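Residue numbering restarts at 1 for every chain, and letters A, B, ... go by the order of the sequence lines. Given the structure is predicted, the values throughout are model-derived calculations rather than measurements.
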Amino acid sequence: MARMIVQETALGRRIDDIDVLDRKMFVKGTEEEMRRSFLGSEVTGTFRHGKNLLIGIGDRWLYVHLGMSGSLHMVGPGERTPHQRLRLGMGGSALVLDDPRRFGRFGLYRRPEDLVSEKGLGPDALRITDRELAERMEGRRGAIKPLLLDQSILAGVGNLYADECLFQEGLHPATGVRVMTGAELTGLGRRVRKVLETSIAAGTDFAKLPDGSLLRRREEGAPCPRCGRELASMRLGGRTTVLCPACQPFRADW
DNA sequence: GAGTATGTTATATG
DNA sequence: GCATATAACATACT
């Protein structure tokens, strides 16, 4: 979605002002380098891989990761957001990175390939094939959910979407990946793409997701969208995990 | 004050 | 090397 904002509001526009409001989040490259490349240059394109976004400006790519609470906005003249961390001015309006918790990051890359290799990212979750997913899970041990969140296996699945995918597939998050069948892995690959596509189509507004989506009300004690029984919550890999114990039976004999 | 939160990374442990 | 758990990061909210 962040990429779409840039595509629709910033593409082709010229940067005439730069405001780095949080140096701690500026993790790669220098402000000098940014000014030299960006000022007077146009936004030429975007590139996304998993949760990482690159915005081409001049001869550099602006790297943006939204962390847990970040967001991108195009704001009008004089307008500001509550937690601005970076502002790129263009003809009065500005592209703003807002992030209350400051877990987000930004920086500069020379080429998109550098981002993928430097971070060791797996295939993008929207484009990964069923076979690729199955292959990359081979030889692994442990519960499926933490593996789904591992950005080096596939890039782009976060905690909430991992829960949604496993729920849709009727798989308990702690299912041992070694006891999963080929068909289950294939189904999961297809589900990952489907869940992300559906969310994007809904503008990441969970209320607009189809009936039967866990994300519409992902909380302990809420009714399971499929069977109506109470959803349970547990911690897995340090992350809150919501599931339906009835629809997602536990089997982890690895 | 305590507990929790959509992510990533470092560190310790088995 | 691999997997797991925990803490840390920084802030908002219940």
Full working for side chain to side chain contact (heavy atoms under 4.5 Å, CB included) between A:V192 and A:L148: CA-CA 9 Å; A:V192 165; A:L148 219 40; 4.2 Å; yes

Begin from the C-alpha positions of A:E31 and A:R35 and carry the test salt bridge (Lys or Arg N to Asp or Glu O under 4.0 Å) through to its verdict. CA-CA 6 Å; A:E31 189 166 342; A:R35 292 191 167 280; 3.5 Å; yes

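A pairwise comparison of heavy atoms in A:P225 and A:L231 identifies CD-CD2, 4.5 Å as the closest pair. Across all non-hydrogen atoms, the minimal contact from A:P173 to A:Q248 is CD-NE2, 4.0 Å. A:L66 and A:A2 get closest at one heavy-atom pair: CD1-CB, 4.0 Å.
Spacing of P atoms, C:dT6 relative to B:dG3, comes out at 15 Å, to the nearest Å. Comparing the same atom, P, in B:dA2 and in C:dA7 gives a spacing of 15 Å after rounding to whole Å.
No option in A:H49, A:K51, A:R48, A:R193 other than A:R48 meets the side-chain hydrogen bond (donor to acceptor under 3.5 Å, both in side chains) test with A:D124.
Summarising the geometry, the separation between CZ on A:R85 and C1' on C:dC9 is reported as 13 Å, rounded to the nearest angstrom. As rounded to whole Å, 11 Å separates atom C1' of B:dG7 from atom CG of A:N52. Rounded to whole Å, atom P of C:dA10 lies 9 Å from atom CG of A:D22. To the nearest angstrom, C1' of B:dG7 lies 16 Å from CZ of A:R102. We find that CD of A:E219 is positioned 15 Å from C1' of B:dT6, with the value rounded to whole Å. A straight line from CG of A:L214 to P of B:dT6 spans 13 Å, rounded to a whole angstrom. Straight-line distance from the CZ atom of A:R235 to the P atom of C:dT6: 9 Å, rounded to whole Å. We find that CG of A:L66 is positioned 18 Å from P of C:dA10, with the value rounded to whole Å.
Within residues 190-207 of chain A, no residue approaches DNA chain B, by heavy-atom distance under 4.0 Å. If you check residues 67-74 of chain A against DNA chain B, the residues with a heavy atom closer than 4.0 Å are A:G67, A:M68, listed by number.
Classification of A:D114 and A:R111 as a salt-bridged pair holds, one side-chain N sitting under 4.0 Å from a carboxylate O. No salt bridge links A:R87 with A:D17; every basic N to acidic carboxylate O contact stays at or beyond 4.0 Å. Checked for salt-bridge contact, A:E184 and A:R251 meet the test: a charged N lies under 4.0 Å from a carboxylate O. Between A:R85 and A:D98 there is no salt bridge, since no side-chain N of the basic residue sits under 4.0 Å from a carboxylate O of the acidic one. Residues A:E118 and A:K28 are paired through a salt bridge, judged by an N-O separation under 4.0 Å between the basic side chain and the carboxylate.
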5' to 3', nucleotides 9-14 of chain B under a 4.0 Å protein heavy-atom cut-off (B base, S sugar-phosphate only, - none) gives S-----

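For A:H83 and A:T81, the side-chain atoms include no donor-acceptor pair closer than 3.5 Å. Checked by atom type, the side-chain pair A:S93/A:R13 shows a donor-acceptor distance below 3.5 Å.
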Could you list all N or O pairs between the protein and nucleotides 12-14 of chain C that sit under 3.5 Å apart?
none

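Under the rule for a side-chain contact (heavy atoms from CB on, under 4.5 Å), the partners of A:R14 that lie at least two apart in sequence or sit in another chain are A:E42.
For the pair A:K51 and B:dG7, the criterion of a side-chain N or O lying under 4.0 Å from OP1 or OP2 is met. Dashed line: the shortest gap from a side-chain N or O of A:R140 to OP1 or OP2 of C:dC2 is not under 4.0 Å. For B:dT8, one of the phosphate oxygens OP1 or OP2 lies less than 4.0 angstrom from a side-chain nitrogen or oxygen of A:H65.
The 12-atom threshold is exceeded at CZ of A:R36, counting heavy atoms of other residues, nucleotides or ligands nearer than 6.0 Å. Around atom CD of A:E219, more than 12 heavy atoms belonging to other residues, nucleotides or ligands sit under 6.0 Å away.
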Per-residue pairing states of DNA chain B in dot-bracket (Watson-Crick or G-U under 3.5 Å; . unpaired, | other strand) read .||||.||||||||

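If you find the closest nucleotide of DNA chain C to A:G238 and to A:L147, the one lying nearer the 5' end belongs to A:L147.
Annotation: cation-pi geometry satisfied between A:R226 and A:F167 (NZ/CZ under 6.0 angstrom from ring centroid, within 45° of ring axis).
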